[in-house]
There are 2 protein chains.
Amino acid sequence: MTSRQARGLRGDLFDPQCPTRRLLDRIGTKWTSMVVKVLGEAGSEEIRFADLRRQIPGVSQKMLSVTLRSLTRDGLVARRVEPTVPPKVHYRLTDLGRSLETPLAALRDWAETNMAAIDLANSTAETDDGPA
Amino acid sequence: MTSRQARGLRGDLFDPQCPTRRLLDRIGTKWTSMVVKVLGEAGSEEIRFADLRRQIPGVSQKMLSVTLRSLTRDGLVARRVEPTVPPKVHYRLTDLGRSLETPLAALRDWAETNMAAIDLANSTAETDDGPA
DNA sequence: CTGGATCCGAAATGATACTG
DNA sequence: CAGTATCATTTCGGATCCAG
């Protein structure tokens, strides 16, 4: 291992170990932000696998499973199994997961405010009919 | 090619009102956040392609080009060409791009604060043994 | 110097079937 | 119901070559 971390590399977005880069790698995956959002809106209430899937249209069983396992491993989501037949598995955000909601909400807010501008920029670039 | 625009038949067709997903698609790509950060730290100063590349260790010429083109098309980055020989191309954040810095900084702050907890959760889960 | 075009391998995603 | 395994497809990222 390098000693770069010990050098106080916190802001170094360029290091593969940079926390921001790694965080973006995680929440940048297709379904993660949606899962966090759905679980976040549920507050401290738990949601079952099937319900979660129903609330995230388009997600496959596999990808939801993969996403949840990743989030659980990261300590952002808590998983509780009811050993019944058939089994029921409940998910909820941990405190750590809930703490992510604030910056994620800021990003969401920015997105909702500015995606229209981005779309406009895209359509403008396509037609290239900017002001003469 | 319109790789991002021409795909809307499956992924986000059901979710046209969630721009967050699309934003994360963009800033989640490997080099975007780095480019935004470098350009952001430069303030309103422009940075040339080669300088940008030098400040982002590991980025290939192609990916920097692709990333910049994407950001430019999105209206987050402004591109100015000096028609000299050899040509010089300068980049800087637009106002829209700079506005993204705030939520991005919030995310960065969260990452720097909490990635250690995520790493801890991971190592705990891996051994499933827990520290005695 | 800039950056587009193309080929290739790796990783993410998705569809389907199967297990406990 | 929840989750895994397998296979096919798509996308991403990197290397290289080529053009203005």
Side-chain angles (χ1 to χ4, degrees), chain A residues 14 16 21-22 24-35 38-39 46-74 77-92 125 128, chain B residues 1-15 21-22 24-35 39 46-73 77-92 125:
Chain A
F14 313 132
R21 178 89 286 279
R22 290 166 57 215
L24 283 173
D25 279 342
R26 289 158 198 262
I27 69 173
T29 60
K30 187 166 185 178
W31 304 105
T32 301
S33 58
M34 299 190 195
V35 170
V38 170
L39 288 177
E46 296 176 322
I47 304 185
R48 290 180 55 186
F49 187 89
D51 292 331
L52 209 44
R53 190 180 175 191
R54 186 153 26 82
Q55 290 184 54
I56 305 177
V59 70
S60 67
Q61 193 176 33
K62 169 190 164 183
M63 287 317 296
L64 180 56
S65 179
V66 167
T67 301
L68 284 169
R69 203 194 321 168
S70 174
L71 287 170
T72 303
R73 254 178 68 94
D74 286 345
V77 163
R79 183 177 183 270
R80 183 174 67 85
V81 181
E82 267 188 82
T84 59
V85 177
K88 299 179 183 176
V89 185
H90 308 259
Y91 293 92
R92 62 171 174 81
D128 195 38
Chain B
M1 273 302 293
T2 59
S3 58
R4 284 203 177 276
Q5 295 165 7
R7 101 193 121 97
L9 279 177
R10 248 200 336 270
D12 44 16
L13 179 63
F14 52 82
D15 205 1
R21 173 91 290 279
R22 290 162 57 210
L24 283 172
D25 275 344
R26 290 156 199 261
I27 70 171
T29 60
K30 189 167 183 177
W31 304 105
T32 301
S33 57
M34 303 190 196
V35 171
L39 289 178
E46 296 177 321
I47 304 184
R48 289 182 54 188
F49 186 88
D51 291 331
L52 209 45
R53 189 178 176 191
R54 184 160 36 79
Q55 291 184 55
I56 304 177
V59 70
S60 67
Q61 174 270 330
K62 168 192 163 180
M63 287 317 296
L64 181 56
S65 180
V66 167
T67 302
L68 284 169
R69 205 191 322 164
S70 174
L71 286 170
T72 302
R73 204 181 50 233
V77 162
R79 182 176 185 270
R80 184 174 66 84
V81 181
E82 270 188 79
T84 59
V85 177
K88 299 178 182 176
V89 186
H90 308 259
Y91 294 92
R92 63 171 175 81

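In the text below, chain A, chain B and the rest are named by the order of the sequence lines, each starting its count at 1.
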Fill in: Nearest heavy atoms of A:Tyr91 and A:Thr72, plus distance in Å
CE2-OG1, 4.2 Å
Check residues 54-62 of chain A and write down every donor-acceptor pair under 3.5 Å in which the side-chain atom is one partner and the other belongs to a residue at least two apart or another chain.
unit_1  : atom_1 : unit_2  : atom_2 : d
A:Arg54 : NH2    : A:Asp51 : OD1    : 2.1
A:Ser60 : OG     : A:Met63 : N      : 3.1

Worksheet item: Taking only side-chain nitrogens and oxygens of A:Ser60, does any of them come within less than 4.0 Å of OP1 or OP2 of C:dA15?
Response: no
Item to complete: Please state how far atom CD in A:Gln61 lies from atom C1' in C:dA15, giving the value in whole angstrom units.
Response: 11 Å
Discussion item. Rounding to an integer number of Å, can you tell me how far B:Arg69 CZ sits from D:dG13 P?
Written reply: 14 Å
Item to complete: Mind checking side-chain contact (heavy atoms from CB on, under 4.5 Å) for A:Ser33 and listing every partner two or more places apart, or none if nothing turns up?
Response: B:Arg21, B:Leu24
Worksheet item: Looking at residues 79-87 of chain B, who's got a heavy atom less than 4.0 Å off DNA chain C?
Response: B:Arg79, B:Pro86, B:Pro87
Response to the item:
Whole-Å distance, A:Ile27 CD1 to C:dA12 C1', equals 17 Å
Discussion item. Output the rounded distance in Å from CZ (A:Arg26) to C1' (C:dA12).
Written reply: 15 Å
Fill in: Nearest-nucleotide pick for A:Lys62, side chain only, options being D:dG13, C:dT2, D:dT6
D:dT6
Item to complete: Kindly indicate whether the side chain of A:Trp31, heavy atoms from C-beta on, has any atom under 4.5 Å from the side chain of A:Val66.
Response: no
Discussion item. Just verifying a value: how many Å separate B:Asp25 CG and B:Ser70 OG, rounded to the nearest 0.5 Å?
Written reply: 10.5 Å
Worksheet entry | Per B:Val89 side chain, nearest of listed nucleotides C:dG3, D:dA15, C:dG14 | C:dG3
Discussion item. Quick test of your reading: applying salt bridge (charged side-chain N to carboxylate O under 4.0 Å, His left out), list the pairs with at least one residue in residues 77-89 of chain B, sequence neighbours left out, ordered by first then second residue.
Written reply: B:Glu46-B:Arg80
Worksheet item: A:Leu64 CG to C:dA15 P: how many Å, rounded?
Response: 14 Å
Discussion item. At less than 4.0 Å, is any side-chain N or O atom of B:Tyr91 found next to OP1 or OP2 of C:dG3? Yes or no.
Written reply: yes
Worksheet item: Between atom NE2 in B:His90 and atom P in C:dG3, what is the gap in whole Å?
Response: 11 Å
Practice prompt. Quickly work out the A:Phe49 CZ to D:dT4 P distance and round it to whole Å.
Written response: 9 Å
Worksheet, complete the sentence: Across all chains, not counting sequence neighbours, the side-chain hydrogen bond (donor to acceptor under 3.5 Å, both in side chains) partners of A:Thr32 are A:Thr29
Discussion item. From the set C:dG3, D:dT4, D:dG13, return the single nucleotide nearest to any side-chain atom of B:Met63.
Written reply: D:dG13
Response to the item:
Heavy-atom closest pair (B:Leu52 atom, B:Ile47 atom, distance to 0.1 Å) is N-CG2, 3.6 Å
Worksheet item: Are OP1 or OP2 of C:dG14 and a side-chain N or O of A:Trp31 less than 4.0 angstrom apart?
Response: yes
Worksheet item: What residues form a salt bridge (charged side-chain N to carboxylate O under 4.0 Å, His left out) with A:Arg26, not counting sequence neighbours?
Response: A:Asp74
Worksheet item: In whole Å, what is the span from the NZ atom of A:Lys30 to the P atom of D:dC12?
Response: 11 Å
Discussion item. Five pairs per end, C1' atoms only: what is the angle between the end axes of the helix from C:dC1-D:dG20 to C:dG20-D:dC1, to 10 degrees?
Written reply: 40°
Practice prompt. Determine: side-chain N/O of B:Arg48 to OP1/OP2 of C:dC1, distance under 4.0 Å, yes or no.
Written response: no
